2 protein chains.
Amino acid sequence: MVTIADVARHAGVAPSTVSYVLTGKRSISPQTRSKVRESIRLLGYHPHAGARALASSRTNVVALVLPLRPGVHLPALMRFVTAAATTARKHEMDVLLMTADEGAQGLRRVAGSAQVDGFLMMDVELDDDRVPLLRQLPQPSVLIGRPAAVAGLTCVDLDFEAAGGRCVDHLADLGHRYIGFLGAPSVVYQRNTGSAQRAMAGFGAAAMRRGIASTALPADDDYESVLHSVRALLRAQPAMTALVVHNEAALGWVAGSLRVLGRRVPEDMAVVGICPDDLAEQLQLTSVQLPAEELGHQAVELLVARLNGQPVPPLTLLAPKLIGRASTAPRPRG
Amino acid sequence: MVTIADVARHAGVAPSTVSYVLTGKRSISPQTRSKVRESIRLLGYHPHAGARALASSRTNVVALVLPLRPGVHLPALMRFVTAAATTARKHEMDVLLMTADEGAQGLRRVAGSAQVDGFLMMDVELDDDRVPLLRQLPQPSVLIGRPAAVAGLTCVDLDFEAAGGRCVDHLADLGHRYIGFLGAPSVVYQRNTGSAQRAMAGFGAAAMRRGIASTALPADDDYESVLHSVRALLRAQPAMTALVVHNEAALGWVAGSLRVLGRRVPEDMAVVGICPDDLAEQLQLTSVQLPAEELGHQAVELLVARLNGQPVPPLTLLAPKLIGRASTAPRPRG
DNA sequence: CTCCGGCGTTGAAGCGATTCGACGACATTA
DNA sequence: TAATGTCGTCGAATCGCTTCAACGCCGGAG
């Protein structure tokens, strides 16, 4: 293995000088600098990560804590992961993968052994036992999602409230006056990370603002339940011409249910989803996308900013983006 | 930060003793051992990863190199990743994520800076420029997939040949005598990682063995092409009653094409896929699964074995597993 | 009784970087 | 001219751990 001493000898300088060339923490004359750079290139020198971490107490690695529970949309998760990894590399950092099943114990281990400079954590629950721990850790962390108390943390999330509103605006602009909302399973509205509630709140508020009649119902993720909820919505509001769906698992059954109930999409019923893009693409569904890449990117940027001592807002909300597809089409006002 | 010296002082022993308790590389008396363990627990001591790596030239981290190119099935990839991470943890190891876009350069960097003990690399191409590099690296590596020359490497893969055969056997057992094979796009058979060829070879050989008439055609991943290929297959062999599909992207169009051509599934035409399990589940397709979890698990086990100096076979093939679903049903022999 | 070998433990020497204080050389200012 | 500062470089201490040679102790063999 080639060490900094080898490089120093080869370049005819002191090891510390090589270090300063590498880190740029002191001014070095252009001649010396290029001489050292050349030696580094020639010898194929790479600083030993462990030694560097030991001496500088900086690892240039961030931990990424992934959820493992069933129900998370894997393609979106994967996109998030690669975006985070790619962005991290832009900052000369690497990513250490952790799975949620290690729990708080795992965080303590990784933090305690100084394996990483910071944490990226997805899918935090409202009463997550890891959150108070993260607060105490010497390493900063960024949460993806939005736990109850945001104070003292750094969080990134899609602005679900705006997303709900965006759906209404789109439909209202198309002339719809009676809109339904098909939500997540009711249990999710009882204890949950909050995105479900916020999307619905945004939906309701926007409907009020635009003077539109709205009705909402939860749905489980089986065909029976979806059909039942859709039928109930139609019964509650027979004039309904549009549906907003915030329930990935139910999406597949929506079109079928509507067909059974004699409604064609989009002629008789426009449908907008709040879901990952590839799902919407596959179903040809107008949707507000779940910006996995953007979330991953932002999360890393925020963490890096904190590592550099820059102040960052406790909560960053990404603006929703609506993509029009075949499931909504312009309709004459009336 | 709590160091090994703190623990040693607290337990009234030498730092080296604490180290030996931790690593188990020398015999320690039960009394001393439990005394040290207690101090470790009390002080919440975690060995500093960097220091440990520096002194022992072992990081307890493996690199996982992910493909990024479009077309890889993300859910399967994600499953692989989590399986690898979980298995690694069983061996007290962590996983460092790398994306393929860093290329050979990235491998050199990570290997050179001694960040990891070994590499796990997915989706290797036949003439991959990273493979010769991996051979030279001081760290061992395990490839997922099967490049041209396996000598001197360690590879894990699904036994695609057996998989092709397994499909035939299943169908033959159900009484089918004329079977078609819908393959990957033809370009894939020209330059490719080889799994496509092997699956087809296995299919052909099994058909011969069972005295079954077989016909094969490639298909691109658009509706037109799939319909065209299916029609061609039926024209070539009108008595065909079963179809084996080895083309994830085409799978979605197969049922539709058959319907257009007046064939119901499974009554008129049985269909078996070689594809990730969730895709098959979604389409209610009898399939040979792509065992993502098992691959991830095996890959890590092999790497760990190599790190421990144990000999491992250059090529490990996983036996295919066929799951029966609605797209094949028993049919009377005839 | 002495010698030897094994066991349990220790002290100290690295591992390969960073970083801080110090030190010439040279330019600037009084 | 002497005092002061700046710039570029160096030497040495330090980070926290592993590991090796060495050593005292004890029991069993000679």
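All values derive from a computational prediction rather than experimental measurement. Numbered from 1 within each chain, the chains take letters A, B, ... in sequence-line order.
If you measure from atom CD1 of B:Ile28 to atom P of C:dG6, you get 18 Å, rounded to the nearest angstrom. The separation between B:Arg33 atom CZ and C:dT9 atom C1' is 14 Å, rounded to whole Å. Straight-line distance from the CG atom of A:Leu54 to the C1' atom of C:dT19: 13 Å, rounded to whole Å. Residue B:Ile4 contributes atom CD1, which lies 14 Å from atom P of C:dG11 at whole-angstrom precision. Atom-to-atom, CG of B:Asn60 to C1' of D:dG16 comes out at 16 Å; the value is rounded to the nearest Å. In this structure, the NE2 atom of A:His48 is 11 Å from the P atom of C:dC15, given to the nearest Å. Atom NE2 in A:His46 sits about 15 Å away from atom C1' in C:dA17, given to the nearest Å. Regarding B:Arg52, its CZ atom lies at a distance of 18 Å from the C1' atom of C:dG16, rounded to whole Å.
Between A:Tyr45 and B:Pro15, the residue whose closest nucleotide on DNA chain C is further toward the 5' end is B:Pro15.
Interface remark: the B:Ser16 side chain does form a donor-acceptor pair with the C:dG11 base, using a distance-only criterion of under 3.5 Å.
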Does B:His10 form a side chain to side chain donor-acceptor pair (under 3.5 Å) with B:Glu38? I'd like the steps, not just the answer.
CA-CA 10 Å; B:His10 185 272; B:Glu38 182 61 9; over 6 Å; no

Before you tell me yes or no, could you show the steps for A:Phe160 and A:Leu290 under side chain to side chain contact (heavy atoms under 4.5 Å, CB included), namely the whole-Å CA-CA distance, both residues' side-chain angles and the distance that decides it to 0.1 Å?
CA-CA 9 Å; A:Phe160 278 96; A:Leu290 225 74; 4.1 Å; yes

Could you walk me through whether B:Asp278 and B:Arg79 pass the salt bridge (Lys or Arg N to Asp or Glu O under 4.0 Å) test, one step at a time?
CA-CA 11 Å; B:Asp278 53 345; B:Arg79 265 189 254 288; 3.1 Å; yes

Take A:Val116 and A:Val61, measure what side chain to side chain contact (heavy atoms under 4.5 Å, CB included) needs, and give me the verdict at the end.
CA-CA 5 Å; A:Val116 302; A:Val61 176; 3.9 Å; yes

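Of the candidate nucleotides C:dG8, D:dC10, D:dT18, C:dG8 has the atom lying nearest to any side-chain atom of B:Thr32. Distances from the side chain of A:Ser29 to the nucleotides D:dG8, D:dG11, C:dG11 place D:dG8 closest.
Between C:dC15 and B:Ser57, no contact under 4.0 Å exists linking OP1 or OP2 to a side-chain N or O.
When heavy atoms are screened at a 4.0 angstrom cut-off, B:Ala55 is found touching base atoms of the nucleic acid.
Looking at B:Asp101 and A:Arg89, no side-chain N of the basic residue comes within less than 4.0 Å of a carboxylate O on the acidic one, giving no salt bridge.
Judged by distance alone, the side chain of B:Asp159 and the main-chain N or O of B:Ala319 form no donor-acceptor pair under 3.5 Å.
Scanning both residues, B:Ala76 and B:Ala292, for their nearest heavy atoms gives O-CB, 3.3 Å.
Residues from residues 17-26 of chain A with heavy atoms under 4.0 angstrom of DNA chain C, sorted by number: A:Ser19, A:Tyr20, A:Thr23, A:Lys25, A:Arg26.
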